[in-house]
Every structure is written in structure tokens, then in C-alpha cells.
Amino acid sequence: MSKYQSEFLKIMDERGYIQQCTDFEQLDERASKGIVTGYIGFDCTATSLHVGSLIQIMMLRKLQQTGHKPLVLMGGGTTRIGDPSGKDEARQMLTDEKIDENLVGIRKVFEKLLTFGDGPTDAVMVNNRDWLDEINYIEFLRDYGRHFSINRMLSFDSVKLRLDREQTLSFLEFNYMILQAYDFLELNRTHNCTLQMGGSDQWGNIVNGIELSRRVDGANVTGLTTALLTTSSGAKMGKTAGGAVWLNEDLLSSYNYWQFWRNTEDADVGRFLRLFTELPLDEITRLEALEGAELNDAKKILATEATTLVHGKEAAEKAAEAARVAFEQGAISADLPTVEIEQSALDAGLGVLTAFVQSGLCASNGDARRQIKGGGAKVNDKAVQDERGSLGVSDLTEDGVIKLSLGKKKHVLLKPV
RNA sequence: GGGGGGAUGCCCGAGCGGUUAAAGGGGGCGGACUGUAAAUCCGCUGGCUUAGCCUACGUUGGUUCAAAUCCAACUCCCCCCA
């Protein structure tokens, strides 16, 4: 039997989402008695979020599934200031237009995983720019700044770490903390929001928000964090071959997204199945007990389930099938990522180097050259021998495409138009 | 305000007049082994029209046959004193 009464905490607990909570009992009681409104904040620094944020999105989804109301807080205002935590020199400030654009892109993922609307448990998206823009400096300091004690702020991990390492912590960053705290207060006032969730790195900020709400409004709100996600070998989650693992299809195809999950380390399979799929727990227990090569079946299920959540069932199954055909039969599947090329270019003879660059498999001709030398570049599954060679109509397969591969895992089809 | 130190490739970091596209490590990519895993071993890791050329060591100028290396100014960062 679970130690929790509420469906929400029960699920969060058994699926391994929880790292810390400011008050388990209180949250449990609230969640079992009525609707809890909870939020998580997201930065708008790119046009898409990547898998690193997926665990947070899943938490909002679980919140909604268990009968509560998720708020998605977009950091439209805080992103404008630019998070100064990067240690190298100030990163480029994002323009308002760029932020708005990013916001639109990021929104797409949430629409897939949450149900938005006006109902009592429908998700709502808010933007902290709406209230942060209005702030008057002096007024803000008088009303809220006085509740922050530097002494206490210095004791937060995020701050302490920087100071111990003798790295600068700018005043701006200090304010960043305060603005984030203010978000919670604002959401509590306007949306009756009583819960903030986030990654464990947000603990300090979350606690600040709770404290501020208590001091200013006497509100009693709660924070809940997840463990920061790393793979079993300690690598930060979310980076792979081509860079970040984006959640939006235009930045990373569903085929490649599926591949990302398919390549999960053995030791992570069970944990990821619990966090990133919605399979029943006993099924997961069975899957993670598989050993050796059989565990690969569990990885396929993980990949398909995880891809279904973000890209839909159809895309996931196509990706799974494309992978099956490509890897298990060594054949060509029409669902592999495809890049179109000019028919005329092919007629004239397309240089292999150019072909690999156009396909996106190689970054430059030089890169392509090196890959060929290393024996990792293949055309229609045959290693390229001569970097000066070119592709022509005769290289088209029966399906009318040319299959380019880099290594064993990355394939792209060239299709003349 | 005064004094000192620094800025090098994706990241960390050596080099301190020519033999430097720049040691070493990390990361990444490829190969071998496997199970599209991990670990291990090997190779590659600025661009191009590649026996050559071009661009690069914070920015801009200068000294020199020759500068990442010397000089000057500027920008930014760090440390110590006030």
C-alpha cells in the first residue's frame, strides 16, 4: 500500500518522479480532497524544448490526469533579461520578437501532452511577461524586496556553490531569483495556484516563492521537485549525435526521436519506461527484467511509447517500422528521413561529398571526406571508396531513392524531384 | 580610485618570435567487439575547387623577412589594496 492518499502523489511516487517536497502531508491532503492547481516554469530560449524538459512536462500531464489543474508558465519576461548563470560572457540578449516566436514553437509540445481549455482541470498557459513588465522598481523593492534576506539567500545551494567556487554571482542573477519567487505569488493570487514543481536545480527558487507567498499573503503553498535526469553512466540527458534531442518535429524527426529512445542504456530502461511512458507498472516490471539481447525488445517498446506521447501513434509506429526494416532486414524503408534533391543535379552527377553534406549527415565536405576515409560513409549500404566519385541516376534503387548512411545508425534517403 | 593577472579551436587547457591548423584532456564522430546497450581498444575532430590555398589564438593598429607569441590602444573578465 502506498504511503500516499492522493492519486497524484501515489503515481508520482511509484513512477519515480519525486526528489523532494516541501510538505508531503499537506500536498497529499490537498490533492486527495480537491483540485490542486500546480505550475512549472519554462524558459523560452529556443523554438522548442528538448528531452531535458520532458520530465517536467510529464509531471504536468500526471497532474492533469489525476484530476488537477496544470499551469504552464512561459518565462517570456524572465527570458528577456537573459539568464546570466552561464559562466562565459553575457550571452546574446534575445529580442522580443524572437522570444515570441520561441513561445509559439514551445507551445506545440504542450498541446500534445495536455488538454487546454476553460474547464476546472484544463491546462492554462501563462506568460510571466504579462506581470513582470508592469513592475515598478521602487515599488517592487518596497513590497517584495524587503521580504528577502540576503543572509538567507546566501544559504541557498545555487548561490553557495557559486561563491564557494569563487565565481561571480551578479546582482542581476540575485534578482532573477526574486522575480521567479514573485511568479509563484502572482499565480497564487490570480489562479489560486498552490503548487510549484520543477527540477531539483529549482529547489532554491521554489522555496523562495513559497516563502514570499507566506510572508506577503500568508498563503500556504507547496513545492515538489524531480531528480535531475542523467543516464546511468552519468551523462547529461538530452544530447545525442546531432546535438540536442528536440521535442518539436521540425527540429528532430520522429524517426530520430524514436532512435534516441531506442539507444537507451540497459540500466536506464526501467526508469525511463516509468517516467516517459504510460504503460502499467507490472508490464514495466516484466520488461525491465529482460536480459541481454532481449532487453532490446523493451527498448523498442520504450521508444514507440515515448514517441507516441510526443509525436502521435502514427508517427511512432512508422518510425518503429522504418527502424525495423532498416536494422533488422537491412532494407530500405520509405519512412527513413528523406531529403529532396534536384533531378537535374543528379542527372549531371552529384558529388558524393556534396550528397553527404546536403543530406545533413556531414557538416562540411571536409567532414564527409574524413568519414569516407574512416570507412563510415555508405551509399546504398556500400562503403564509399572514392571521395571524388559522384552519384547519378544509376545509383537510384528500385524505390527511386539513394540511401546514404553514416555509421550503422544514421540513414537518410535522397529523393530526386 | 591604486596595483597585479588574464582572454587560445565545441569545452577545459598548453604554447610566449619561425619546425603551429596550434600539445594534452574532455566531448563529439567513425571503426573493431557486441545486442542499434555499456565497458574496452583504434582512428578522426577549421574551411575549400586539397601535392596547393584560405581563415583562425578578445578587438584595432604597429614592430619584424616572419607574430597566438613583441609593442600600443580599446573591450571584457578575475584577484589584491582603498
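Basis for what follows: all heavy atoms, side chains included, without hydrogens, waters or symmetry-related copies. By convention in this document, chain letters (A, B, ...) are assigned in the order of the sequence lines, proteins followed by strands, and residues within each chain are numbered from 1.
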What integer number of Å spans the [atom1] atoms of [N] and [M]?
N      : M      : atom1 : result
B/rA66 : B/rG18 : C1'   : 6 Å
B/rG47 : B/rG9  : P     : 15 Å
B/rG5  : B/rC11 : C1'   : 22 Å
B/rA72 : B/rA22 : P     : 30 Å
B/rG62 : B/rA51 : P     : 34 Å
B/rU8  : B/rA68 : P     : 15 Å
B/rC77 : B/rC29 : C1'   : 33 Å

Just checking [X]: base, sugar-phosphate only, or nothing, at a heavy-atom cut-off of under 4.0 Å?
X        : value
A/Gly407 : sugar-phosphate
A/Asp266 : base
A/Ala323 : base

Under-4.0 Å side-chain N/O to phosphate OP1/OP2 contact, [X] with [N]:
X        : N      : answer
A/Asn365 : B/rU50 : no
A/Arg370 : B/rG31 : no
A/Arg369 : B/rG30 : no
A/Thr264 : B/rA37 : no
A/Lys408 : B/rA32 : yes
A/Lys373 : B/rU45 : no

N-O pairing of A/Glu249 and A/Lys108 below 4.0 Å
no
After noting the C-alpha distance and the side-chain angles of A/Asn263 and A/Lys409, does the key distance pass the side chain to side chain contact (heavy atoms under 4.5 Å, CB included) rule?
CA-CA 10 Å; A/Asn263 286 305; A/Lys409 299 183 190 176; 3.2 Å; yes
Let me know, please, whether A/Glu387 or A/Asn296 comes out on the 5' side of the other along RNA chain B by nearest nucleotide.
A/Asn296
Starting at the 5' end of RNA chain B and moving along, which residue's nearest nucleotide shows up first, A/Gly366 or A/Ala377?
A/Ala377
Could you let me know what [N] is paired to, Watson-Crick or G-U wobble, both distances under 3.5 Å, or none if it's on its own?
N      : value
B/rC70 : B/rG62
B/rG9  : none
B/rC53 : B/rG47
B/rC41 : B/rG31

Mark yes or no for a side-chain to base donor-acceptor pair under 3.5 Å between A/Lys410 and B/rU36, with no hydrogen or angle criteria applied.
no
On a plain distance test, is the side chain of A/Gln259 in donor-acceptor contact with the base of B/rU36 below 3.5 Å?
yes
With A/Glu387, which of A/Arg369, A/Gln371, A/Arg370 fulfils side-chain contact (heavy atoms from CB on, under 4.5 Å)?
A/Arg369
Interatomic distance, A/Asn256 CG vs B/rU36 P [rounded to whole Å]:
18 Å
Does any non-hydrogen side-chain atom of A/Leu396 lie less than 4.5 Å from one of A/Leu346?
yes
State yes or no: are the ring centers of A/Phe116 and A/Phe110 separated by less than 6.0 Å?
no
Are any side-chain N or O atoms of A/Lys299 and backbone N or O atoms of A/Thr264, one a donor and one an acceptor, separated by less than 3.5 Å?
yes
From the candidates B/rU36, B/rC48, B/rC29, the one with an atom nearest any side-chain atom of A/Ser364 is B/rC48
